[in-house]
Amino acid sequence: MLNAHQQQILRLLIASHGMSRTEMAEKMKLSKAAISTLVKEMLHAGLLEESVPESNGQGRPSVLLKMRADSAYFLGASLLGEQVILVLIDMHGLVLAKTEMALNPDPQQLSAALAAAIPGLIAQKGISADQLIGLGVTLSGFVDENQAICVQSALLGWKNVPLAEMLKQQTGLDVSLENDAKALAVSEKIFGVAKKARNFTLISHGDGIGSAHFFQGQLHRGAHGGAGEIAHCTIEPGGRPCRCGKRGCLDTLASLTAIRESMRDKALAANSIAELETLAVKGNSAAISILHQAGQALGLSIANIIQMNDPELIVIAHQPHAFDGLLKTVVMQSIDSHVLPSIMGKTPISTIDIHAESWARAAASVAAYRFIIQLPD
Ligand SMILES: [Zn+2]
């Protein structure tokens, strides 16, 4: 059992790429001798490892402490496509094993199918059930503030489904549910490009658009779990009807679904966003106008987020080959032209590719994140 100081050490290490005992002592306001004693126990328990960075020629480099990859394992399942993807990750966020099954949206049958798949998945890597810390599940829709109930998911046809409890009964694991964009933000926070950022926003750009915010190192879920729903912010009052019942939502202008609809409306000879970009490069005015409209709307929304929250970083997670060329250029220009000149260019913007497996890994990160934040201060 770790004491409060050791739990704090875990948190510091998860938020860094390794830390020396001296740096840790400074951050925790403890003596180096006290840190050494705490760390010794954790090394002995197999939670930490030491690594020696290469010397830069200026004296002996400090030994860095890191979490051991095999100190804990997590499972993640994504319910976002026709196939359920279930992955096993280690404490470094590496996907060790993966399995897929057809999605049966009946919650009972889904829980039973996931529970049945777990023993085979972990056996592939020789991991026993007692080495698993938890299971995260990501889905499209609303999740309640306790991350236990799917309040509503149009994609799954669910309303108030207590999936976490159902899965816990079937698997014996601690289970947490999360909306897709929030799960991806958690994944980038603990394993990815936002590791060192305490305040950042992730925008997921795909068939729909999502976002999630971290404030002061914590995921902001909102009073009802609904924070970050930018897809249905009105960008064009009185614009195109949206599936939510309103008009002119960001989703109707900038999502891949909206872009494809515009391609069909204008009967363009393009079957993908990459082909649309190629038409734009060749000077096709309809292709240029579609990409401009989408890019302007997305850039305006991101500018508003920057203006409201002043984040350290914006991460745009996009489908492969669907955020290059003109779309990206217009988004960046639109951000610059809609923020106050005094803050223009001050917020770094990272872009990352998302694949089907990214969502399952993100789900597993939610289980890891819950494990980390549940550690008492
Ligand atoms: Zn809408």
Side-chain angles (χ1 to χ4, degrees), residues 1-2 6-19 39 41-53 63-78 84-100 114-115 117-138 147 167-168 171-178 180 182-196 219 317 352-375:
M1 186 65 193
L2 299 177
Q6 288 169 325
Q7 289 167 352
Q8 200 182 344
I9 289 174
L10 280 192
R11 281 191 175 154
L12 284 174
L13 291 180
I14 286 158
S16 70
H17 294 282
M19 198 176 271
V39 163
E41 283 177 20
M42 295 171 81
L43 285 165
H44 188 69
L47 287 169
L48 306 184
E49 64 189 358
E50 294 179 311
S51 74
V52 183
V63 173
L64 292 182
L65 293 158
K66 293 181 175 176
M67 292 284 294
R68 273 181 67 135
D70 61 358
S71 58
Y73 297 96
F74 306 92
L75 294 166
S78 82
V84 177
I85 302 179
L86 176 68
V87 297
L88 169 73
I89 68 165
D90 65 17
M91 197 64 231
H92 288 177
L94 189 70
V95 174
L96 303 175
K98 176 176 114 165
T99 185
E100 293 189 25
L114 277 170
I118 291 171
L121 184 75
I122 61 174
Q124 286 180 33
K125 291 290 160 186
I127 289 159
S128 62
D130 60 4
Q131 292 174 280
L132 292 174
I133 303 281
L135 164 65
V137 178
T138 185
Q147 295 179 260
L167 274 167
K168 187 173 182 176
T171 63
L173 290 167
D174 183 30
V175 180
S176 29
L177 313 183
E178 193 51 282
D180 44 9
K182 290 191 185 71
L184 207 55
V186 167
S187 171
E188 291 307 312
K189 169 67 188 159
I190 58 177
F191 300 127
V193 295
K195 205 170 171 81
K196 291 194 168 172
L219 176 67
I352 55 166
D353 275 13
I354 33 178
H355 306 269
E357 189 181 287
S358 310
W359 299 110
R361 179 174 175 265
S365 330
V366 170
Y369 180 65
R370 194 177 171 95
F371 165 66
I372 296 158
I373 60 169
Q374 273 184 348
L375 297 172

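What's counted below: heavy atoms across the whole structure, side chains too, no hydrogens, waters or symmetry copies. Bear in mind the structure is a predicted one, so any value in this text is a computation, not a measurement.
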> CG of Leu64 to CE of Met19: how many Å apart, nearest 0.5 Å?
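Result: 9.5 Å between the selected atoms.
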
> Does any part of the side chain of Leu121, heavy atoms only, come nearer than 4.5 Å to the side chain of Leu75, both counted from C-beta?
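In contact.
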
> Between Tyr369 and Leu219, does the side-chain contact (heavy atoms from CB on, under 4.5 Å) criterion hold? Intermediate values first, please.
CA-CA 10 Å; Tyr369 180 65; Leu219 176 67; 3.9 Å; yes

> Quick one: pull up OG1 in Thr171 and CG in Leu132 and give me the separation to the nearest 0.5 Å.
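One finds 9.0 Å between OG1 of Thr171 and CG of Leu132.
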
> Is there a side-chain contact between Leu114 and Leu86 (heavy atoms, below 4.5 Å)?
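The answer is yes, as the side chains (C-beta and beyond) meet within the 4.5 Å cut-off.
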
> At their closest point, which heavy atom of Ala356 faces which heavy atom of Ser78, and how far apart are they?
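Shortest heavy-atom separation between Ala356 and Ser78 comes out as O-OG, 4.5 Å.
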
> Could you walk me through whether Trp359 and Ile85 satisfy the side-chain contact (heavy atoms from CB on, under 4.5 Å) test, starting with their C-alpha distance in whole Å, then the side-chain angles of each, then the deciding distance to 0.1 Å, before giving a yes or no?
CA-CA 8 Å; Trp359 299 110; Ile85 302 179; over 6 Å; no

> Between OG of Ser176 and NZ of Lys168, what distance do you get to the nearest 0.5 Å?
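Here the rounded value is 10.5 Å.
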
> Do Leu65 and Ile9 make a side-chain contact, defined as non-hydrogen atoms from C-beta onward lying under 4.5 Å apart?
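Side-chain contact under 4.5 Å: no.
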
> Write out all pairs satisfying salt bridge (Lys or Arg N to Asp or Glu O under 4.0 Å) with one or both partners inside residues 352-368, taking only residues at least two apart or from two chains.
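Salt bridge (Lys or Arg N to Asp or Glu O under 4.0 Å) check on residues 352-368 returns Lys98-Glu357.
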
> Rounded to the nearest 0.5 Å, how far apart are CD of Gln8 and CG of Leu13?
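Atom-to-atom, Gln8:CD and Leu13:CG are 11.0 Å apart.
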
> Roughly how far apart are Asp180 CG and Ser358 OG, rounded to 0.5 Å?
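If we round to the nearest 0.5 Å, Asp180:CG and Ser358:OG are 12.0 Å apart.
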
> Sequence neighbours excluded, which residues qualify as side chain to side chain contact (heavy atoms under 4.5 Å, CB included) partners of Leu94?
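For Leu94, the residues satisfying side chain to side chain contact (heavy atoms under 4.5 Å, CB included) (neighbours in sequence not counted) are Asp90, Leu96.
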
> Going by salt bridge (Lys or Arg N to Asp or Glu O under 4.0 Å), name the residues that satisfy it together with Glu178, two or more places apart in sequence or in a different chain.
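If we apply the salt bridge (Lys or Arg N to Asp or Glu O under 4.0 Å) test to Glu178, skipping adjacent residues, the hits are Arg221.
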
> Tell me whether Gln147 contacts the main-chain N or O of Leu177 through its side chain, where contact means a donor paired with an acceptor under 3.5 Å.
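Indeed, once roles are kept as given, a pair shorter than 3.5 Å links the two residues.
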
> Could you tell me which non-hydrogen atom of Ala77 sits nearest to which non-hydrogen atom of Ala363, and how far apart they are?
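Scanning both residues completely, I find the closest heavy atoms to be O-CB, 3.4 Å.
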
> Which distance, rounded to the nearest 0.5 Å, do you find between the CG of Leu10 and the CE of Met67?
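Answer rounded to 0.5 Å: 5.0 Å.
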
> Taking only distance into account, with no hydrogens and no angle test, what donor-acceptor pairs under 3.5 Å do side-chain atoms of residues 44-51 form with protein atoms, sequence neighbours excluded?
residue, atom, partner, partner atom, Å
Glu50, OE2, Arg21, NH1, 3.2
Glu50, OE2, Arg21, NH2, 2.7

> Report the residues that fulfil side-chain hydrogen bond (donor to acceptor under 3.5 Å, both in side chains) with Gln131, sequence neighbours left out, ordered by chain and then residue number.
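Checked Gln131 against side-chain hydrogen bond (donor to acceptor under 3.5 Å, both in side chains); matches are Ser128.
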
> Using atom types as modelled and distance alone, determine if a side-chain donor or acceptor of Lys189 lies under 3.5 Å from a backbone N or O of Lys195.
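Confirmed, Lys189 side chain pairs with Lys195 backbone.
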
> So do the side chains of Leu184 and Thr138 get within less than 4.5 Å of each other, counting heavy atoms only?
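A side-chain contact under 4.5 Å is absent here.
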
> For Ile133, enumerate each residue passing the side chain to side chain contact (heavy atoms under 4.5 Å, CB included) test, keeping only those at least two apart in sequence or located in another chain.
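With neighbours one apart ignored, the set is Ala72, Phe74, Phe371.
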
